[in-house]
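As structure tokens, the structure follows; a few thoughts come after it.
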Amino acid sequence: MSVFAKNFLIEEISEIVFEFSDEDRVFLTSLSLLSSSGESILLSLHTQLKQVYLFFRSSREEIFKSSVITSCGDIGVRRSVFLVVSIFLVVLIATGFIAYYHVWGPQTIKQRVVVYAYNDRITGIDPSVEDDTGLVIIGLVYEQLLHYNPLTKELKPALAVAWNSSEDGTEWVFRLREGVVFHDGTLLNATAVKLSIERARDVYRETGRGAGYIWDAVTDIEVLDEYTVKIKLEYPQRLDLLVAAAYAAYIFSPKALLSSGASSYLDKKLEEWFNGGNEAGTGPYTIEYYRPDSEVRLRKFDKWWGWSLVNNSQAPDYVIIKILPDPQSQYNGLISGEIDIASSVPRDYVSLLLSKGFRTYNLTTYHNYLMFFNVRRYPTNITGFRKAIACSLNLDEAVRLAMKGFALKGSGIIPHGFPGFTEGLYYQCGLSEARQYLNESGVQTPVRIEILYQVDYEETRIFAEALQSRLRDLNIELVLNPQPWSQLKEIAKGVWENPENTPHLVVAEWWPTIPSPYDYLYTMFHSDSKEWNYAGYENEEFEDFIDRAWELEGTNYSGALSLYREAQEILFNDVAGINLWDEVRPFIYNTRVELLPECMNPLYMYVIYFQYVRVGA
Amino acid sequence: MPLSLNYLTKRIVWIFLVIIGVVVFSYTAIIISPGDPAVKWAGNPRGPNASLAIELARKELGLDKPPLIQVLKFVADVFTGNIGLSIAYKIPVFEVILRRLVATLELLLISYLIAIPLGVFLGIESALHRNGKLDTFLQSLGTVLANTPTFWVGAWLFLTLILLGAYPYGRVDPKIATATGFHPITGFYLIDALVEGNLIVFVNILSKIISPAIAIAIYPIGVLVRLTRALVSDALLEDYIRASVAWGVSRSVIIWRYALKAITPGLVQVIGLAFSYSLVDAMAVEYVVFGREGLGSLLIDSLNYGDFRLAVGLIIIVAVFYLLVNTLTDIIQALIDPKVRL
């Protein structure tokens, strides 16, 4: 064997053997040089090591392919056992949890808890300033002096037990209920009433915020004694109706100033304190947990003065107002039993829910949908053209298609059941009359007009599409412009500044603050109300009628209502706006709860008076 | 110490720059879009003084100032931690965002508690059966899962559960929470329920979080199955693994200690990226499908209400979240991989 061959073998051995040292190399070299047997030993050692190495190399891929090391079969078995045991344990624990939940879960609900699914976020709960969705909470936590039911025309005592006015209607005296406790533990007195009314009025006067304009005529509030208050007015008003208003008429505890650290009742700190989830009312429920974006939890106030009068031992201990804007979610919640009362299920599902044993309370609301005509832009500035559109409307069909029957066809501007409602004030004409009006208007067709409506309301979309279809018969092309609410408002009020860039038609909604037709007619059609008068309508005669009616309310209520009716006729003839429908809201509830007629009042939109609700165990 | 002061300084400066960029961009975009936040801030005022209310609201919000001044003032407000009250809810913006962020994070954490072990386990199994039937199946599954829209999976899960009579909507059954006196403290409802010892609520929360968590976990599972398979396959061919095999080291030690340790830095990087991405998934699924409160519903609300304070605050939080997760990922990688120095 050559020296080169011997060195090659030694080199290969050194690569195979782990920790092959220089001493090993010297030893093997010396061994192979000494004798032929030394060569044989080297050759044999190399052959055996090489075989082991090649065996390992050839097996390696196989070893990795079959779960790395097939020789460790026992570990594979142990792994399977481990997996099976793990799965078994997980299933066992999960089953235990579920069993525990189903057995003990229902037993924990011993208190009467009601979940009311409400369809909008709470925008604030300051009793003097809030004039939007916060009413649904405020209506349960605070109280007014009186409570008004427009359906029965009945004024019920709330925090005031007696009241009277001077003959000219400019001085009103309210006698307060004694022993009424605020949620902070203090007692109701005349000072609290004075403070509450003055705050709502002055916040409005100073900042224009809230609904404090209802106290516009209030010049002075005099505390006659602990439980008597005299309110003086600049001009006569039905103050007994105003103190029952849905907004800005709630009485709060003066201690709120102290609690909030506010320096005066106009201090912003007080408003922030209220909106932070604090309250100081006298109502049957107190706020326990306030998340305006998701959930508000109310707890029964045991010291409420009215429990003995209501005599409802089944009233809920807790009311949860769950914010669920999506109607489908409300439906799912009802089906699952997590929700007891839903304010806004898809209208198509109502009959299905009734067939499943749910019940409904159909509330005819004062929430109406109106279509405004831009009277400052061609061609809707021509009365004949507006009449043509009005005649092309089929409100019965609109109610059926858009509202699935859950509405009453509009008549006049004021909704059904509200003071000043006028029967039969809708356009009883069809497409042939529409064509005639169109011809008389002088507007050349084809003509293109635009309608603006709220994008997230399915009913207004359906209405707009139906109108688009009908106007096509008159050779009028209707362009649809759906917008979110904030954009809609911004665009629509542009009718005063920039009418040519404001759509010809705007669909919007309204609900009242005070039980007076003035609320609708002034806000939406008076030329001073440029924030909400989307028609750009200005008519001195109409404004004179409603202003006189407003002042007459305090001394001659029926005379005032007549003036309001005449004012609506002016609007009807001018076709400035059309009340499309008054919404009928189906409140769906399960058999656990019972909604009595006292629970609802259309004047106080969406408020459910839970003190009258009966809850089963 | 693998972390250098230089790295941390750079990251902090970067976060500041991103916040400024986000504020300038998002504020400008929201302010020039149609709609007047002042109307909402004034409370949709009615009555003769409605215009006054809107005018005052505009001043209060600073919308009467030139756009450049508005943006600069808003940037200053952000850095002093005083964005103010939400226009829609009249409560501090950060309070609303923090509450929702915690809700979303809870969902994400549960999702990743499902996704990481499952994805890694399946990935390793796939690697151990390379080119076999199980490998082919798992790789196909990984591809499908990584590419399936989360909201679609969520919708199917939701519908199926509804048909089965379950109601995986919201975070907790309000009746049960009220009746058992559940009062969340941290906002992580599962932890709160455990701390209070309220097992009934804990199970209820778990039953509601599991379906959206699965829907969100779909994407990271898919990614992890494929990635783990690739990393483990490479690792198994490394010399030290072969040596371990030759020395008769047990299979479980080789896989779970040696191979997994080797691939962890790579996995951490990808999990960090996927976690950030899943925030968007969570925002899409949690509210729209499962009606859970979280950042998703907040974004929709803020835009619907023209609540620019909330919207910008939300965008800042999301941007910072991305940066923090990435920074955290880098730090973890530096801590576990001696080759990495920051």
Side-chain angles (χ1 to χ4, degrees), chain A residues 56 60 63-65 67-69 72 75 97-98 100-101 104-105 108-111 113 115 121-124 129-132 204-205 207-211 213 272 275-276 292-295 297 318 320 322 324 326 329 332-333 335-336 338 484 486-487 489-491 513 523 528-532, chain B residues 34-37 39-40 42-54 56-57 85 88-91 96 99 128-132 162 165-167 169-170 173-176 178-180 199-200 203-204 206-207 236-237 242 245-246 250-252 254-255 291 293 297-298 301 304-306:
Chain A
F56 173 72
R60 192 180 63 185
I63 289 166
F64 279 105
K65 272 185 184 174
S67 298
V68 182
I69 314 153
C72 298
I75 292 176
F97 269 133
I98 292 165
Y100 175 80
Y101 179 73
W104 295 104
T108 58
I109 306 176
K110 286 173 185 158
Q111 287 151 317
V113 183
V115 181
R121 275 85 177 170
I122 306 300
T123 49
V129 181
E130 172 62 13
D131 62 349
D132 205 345
Y204 185 76
R205 281 182 182 169
T207 68
R209 295 169 60 236
Y213 56 86
E272 286 173 14
N275 287 330
D293 49 330
S294 58
E295 186 179 312
R297 194 184 299 169
Y318 287 95
I320 296 161
K322 188 85 188 151
L324 286 178
D326 177 23
S329 303
N332 291 337
I335 296 291
S336 73
E338 279 193 18
S486 54
Q487 276 91 324
K489 179 160 174 53
E490 183 71 5
I491 297 168
T513 299
T523 320
D528 284 348
S529 175
K530 293 189 168 55
E531 284 296 323
W532 298 97
Chain B
D36 188 355
V39 175
K40 197 73 194 172
N44 288 321
R46 304 173 171 195
N49 285 356
S51 304
L52 169 70
I54 293 167
L56 286 175
L85 301 180
Y89 306 121
K90 316 280 195 300
I91 51 177
V96 187
R99 207 162 59 209
L128 298 180
H129 295 85
R130 265 180 311 169
N131 305 324
I162 287 287
Y167 184 60
Y169 200 88
D173 184 333
K175 268 187 221 169
I176 291 173
T178 305
T180 56
L199 202 57
I200 298 283
V203 177
N204 185 259
L206 204 59
S207 70
L236 290 179
L237 293 176
R242 293 205 305 244
V245 172
S250 78
R251 177 185 185 278
S252 55
I254 291 172
I255 296 164
E293 62 174 30
S297 55
L298 201 59
D301 283 354
N304 274 346
Y305 285 110

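So you know, we letter chains A, B, ... as the sequences are listed, proteins then strands, and number each from 1.
- Minimum heavy-atom separation, B/Lys175 to A/Glu338: CE-O, 3.7 Å.
- Between B/Leu56 and A/Thr207, the shortest heavy-atom distance links the atoms CD1-CA, 3.4 Å.
- Looking at every heavy atom in both residues, B/Pro45 comes nearest to A/Gly208 through CB-O, 3.7 Å.
- Side-chain atoms of B/Leu52 and A/Tyr204, non-hydrogen and from C-beta on, never get closer than 4.5 Å to each other.
- Closest non-hydrogen pair, A/Ile122 versus B/Tyr89, comes out as O-CD2, 3.9 Å.
- Atoms CG and CZ, from B/Asn49 and A/Arg209 in turn, are 12.5 Å apart once rounded to the nearest 0.5 Å.
- For B/Asp301, the part lying under 4.5 angstrom from a heavy atom of chain A is the side chain only.
- For a residue to count as touching a neighbouring chain, one of its non-hydrogen atoms must lie under 4.5 Å from one of that chain's; by this rule B/Ala50 touches chain A with backbone and side chain alike.
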### Message
Could you walk me through whether B/Thr178 and A/Gln111 satisfy the side-chain contact (heavy atoms from CB on, under 4.5 Å) test, starting with their C-alpha distance in whole Å, then the side-chain angles of each, then the deciding distance to 0.1 Å, before giving a yes or no?
### Response
CA-CA 9 Å; B/Thr178 305; A/Gln111 287 151 317; 5.9 Å; no
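- Both the backbone and the side chain of A/Thr123 have a heavy atom closer than 4.5 Å to some heavy atom of chain B.
- With a threshold of 4.5 angstrom between heavy atoms, B/Lys90 approaches chain A through its backbone and through its side chain.
- Contact record, A/Pro292 with B/Ile91: CG-CD1, 3.7 Å, taken as the closest heavy-atom pair.
- Inter-residue side-chain proximity for A/Ser329 and B/Tyr169 is flagged as met; some heavy-atom pair is nearer than 4.5 Å.
- Residues B/Lys40 and A/Asp132 share a closest heavy-atom pair of NZ-OD2, 3.9 Å.
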